[in-house]
2 protein chains.
Amino acid sequence: MREGPDIARIASLVGDPARANMLTALMGGTALTASELALEAGVSLPTASSHLSKLMEGGLLTLASQGRHRYYGLAGPQVAGMIEAITGVAAAVGPQRVRPGPRDAAMRVARVCYDHLAGEQAVAMLDRLVARQVLLRDDKEIRLGPSAASHFAAIGIDVASKARRPVCRACLDWSVRRSHLAGTLGAAILDKILLEKWARREKDSRAVIFSPMGRQAFERMFLG
Amino acid sequence: MREGPDIARIASLVGDPARANMLTALMGGTALTASELALEAGVSLPTASSHLSKLMEGGLLTLASQGRHRYYGLAGPQVAGMIEAITGVAAAVGPQRVRPGPRDAAMRVARVCYDHLAGEQAVAMLDRLVARQVLLRDDKEIRLGPSAASHFAAIGIDVASKARRPVCRACLDWSVRRSHLAGTLGAAILDKILLEKWARREKDSRAVIFSPMGRQAFERMFLG
DNA sequence: CGCATAGTTCGTCCTTTATCGAAGCATCGA
DNA sequence: TCGATGCTTCGATAAAGGACGAACTATGCG
């Protein structure tokens, strides 16, 4: 009964625990089926289906049907950004969660944030790239340094801006409370990490686990 | 029953229409009393009071008691950023609101976004400052240009970074879908506009109305 | 064609919570 | 000290919406 966009409608979609768990799961970047999301949210299939249709109707999800599988994914970076913003507030406002647990510890070290790497590793990487002046940062803004093109070309990443999306963007890390690298460059680096099998995705989690070899390679490449 | 920060808890706080209206009202940047917020949200005083204590408990608001008045305000820029992010998704997802109305038209032109200016005017200003190289922008990142210090000093704004907050930050405008200027510089410019009485705040709204004289002065200063 | 798997729809139960009137505190002004 | 105003707490009511089992639809496989 007031102005502007219907913010309560969107927020209440995220405000249900089952739906919040689904959205959080989808922050991993890969689309999931209804059954997987039901498991993830800890509800029955019918319940999950009902939630999913609400999220669809609200425009927060996209649906890709492949045979008898229906893959649900986040509707876009804007939605992902909103989830991260809410996560940030939730983390800042109340460490009233007890039991950090081993799952959370791994998440703090390295995890996927929609399409790029987040966590302590990612924050350290950005710090190092800035210290070496591959990237330049003024406060929270990041841009490419003079040596960036050749530096990333050497490891097979083309830094020439192609998409409408910014090449590098700062993304506030909810666990460390400092920025890590997002944007197409952040996404490309995560691709590289997984392609080279330096790390693997933990099943049913956003956590990213580096192998000992992979960690060395990553550190040589980005933290050296 | 899963990982990380309790995002559903925060989102459900914003997910109630009455509370959403209150938070939207507080995006104006000024703290308001419980009665004002009750009016704003269209609910009775007891109902508003109940909502406010929930928002307080959730850590989204701060409270300043002055005599028998109790002023509620947003807990900080992080909360404001979250609200803007949700607003952005809501605006992108569904222009299913009919009746844009005169209120909304004014809002699109110029409005307050927590502590800085947003809307078409603000977007135009940022564009112009970038074109004149007072500010430099790479994609979505903004930093000061060489002439920035002297340029802003001339109109009484000290650009030397003092607070922990970044001097300039990009903030995505939900109506125009492009960035405007936030950060301490954005806040200082809004202060200037109101101090010089180039514009006034519309009562009970985030809209900012420029006077004819004020508009000229503003354009001379920032769009010239 | 028939069975198995993936998913949605329907009907019903039940918890959650938003709402307001009335009464209770607290602070100000005289 | 005594109203008056601003706000909160209490108690009762009503409505919204989340949960699941059972039945239904659709796709794939043999």
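Below, read A as the first sequence line, B as the second, and so on, with proteins coming before strands; counting in each chain starts at 1.
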Atom-to-atom span, CG of B:L55 to P of C:dA18 - whole angstrom: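 Rounding to the nearest Å, CG of B:L55 and P of C:dA18 are 10 Å apart.
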
Atom-pair distance (CZ on B:R9; P on C:dT17), nearest Å: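 It is 11 Å, rounded to the nearest whole Å.
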
Whole angstrom value for the distance that separates P of D:dC20 from CG of A:L39: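 Nearest whole value for this atom pair: 13 Å.
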
Nearest-angstrom distance from the residue atom CG of A:L52 to P of D:dA19: 12 Å

A:L13 CG to D:dA16 C1', straight-line distance once rounded to whole Å: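 Distance check: A:L13 CG to D:dA16 C1' gives 15 Å.
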
Nearest heavy-atom neighbours spanning B:G58 and B:L13: CA-CD1, 3.7 Å

Side-chain touch B:I189/B:L117, heavy atoms, less than 4.5 angstrom: no

C:dT19 OP1/OP2 closer than 4.0 Å to side-chain N/O of B:H51: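 Result: yes.
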
Passing option when B:L52 is tested against B:R70, B:E57, B:M22 for side chain to side chain contact (heavy atoms under 4.5 Å, CB included): B:M22

Residue pair B:S44 / B:T47, side-chain donor-acceptor N/O under 3.5 Å: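 Yes.
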
Given C:dT8, D:dA19, D:dG18, the nucleotide with the shortest approach to the side chain of A:R70: C:dT8

With A:L26, the side chain to side chain contact (heavy atoms under 4.5 Å, CB included) member among A:L61, A:L55, A:N21: A:L61

Between C:dA18 (P) and B:N21 (CG): distance, integer Å: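 Rounding to the nearest Å, CG of B:N21 and P of C:dA18 are 14 Å apart.
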
Nucleotide nearest A:V43 when distance is taken to its side chain, options D:dC20, C:dT19, C:dT8: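 Per side-chain heavy atoms of A:V43, the pick is D:dC20.
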
Name the pairs: protein N/O against N/O of nucleotides 9-15 of chain D, kept only if under 3.5 Å.
none

B:L74: which of B:T62, B:L23, B:L60 passes side chain to side chain contact (heavy atoms under 4.5 Å, CB included): B:L23

Under-4.0 Å side-chain N/O to phosphate OP1/OP2 contact, A:Y72 with C:dT8: yes

Distance test, side-chain N/O of B:K54 to OP1/OP2 of C:dA18, below 4.0 Å: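 So the side chain of B:K54 is within the cut-off, an N or O lying under 4.0 Å from OP1 or OP2 of C:dA18.
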
Modelled atom types, side-chain donor and acceptor of B:E84 and B:T87, under 3.5 Å: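 Result is no, nothing qualifies.
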
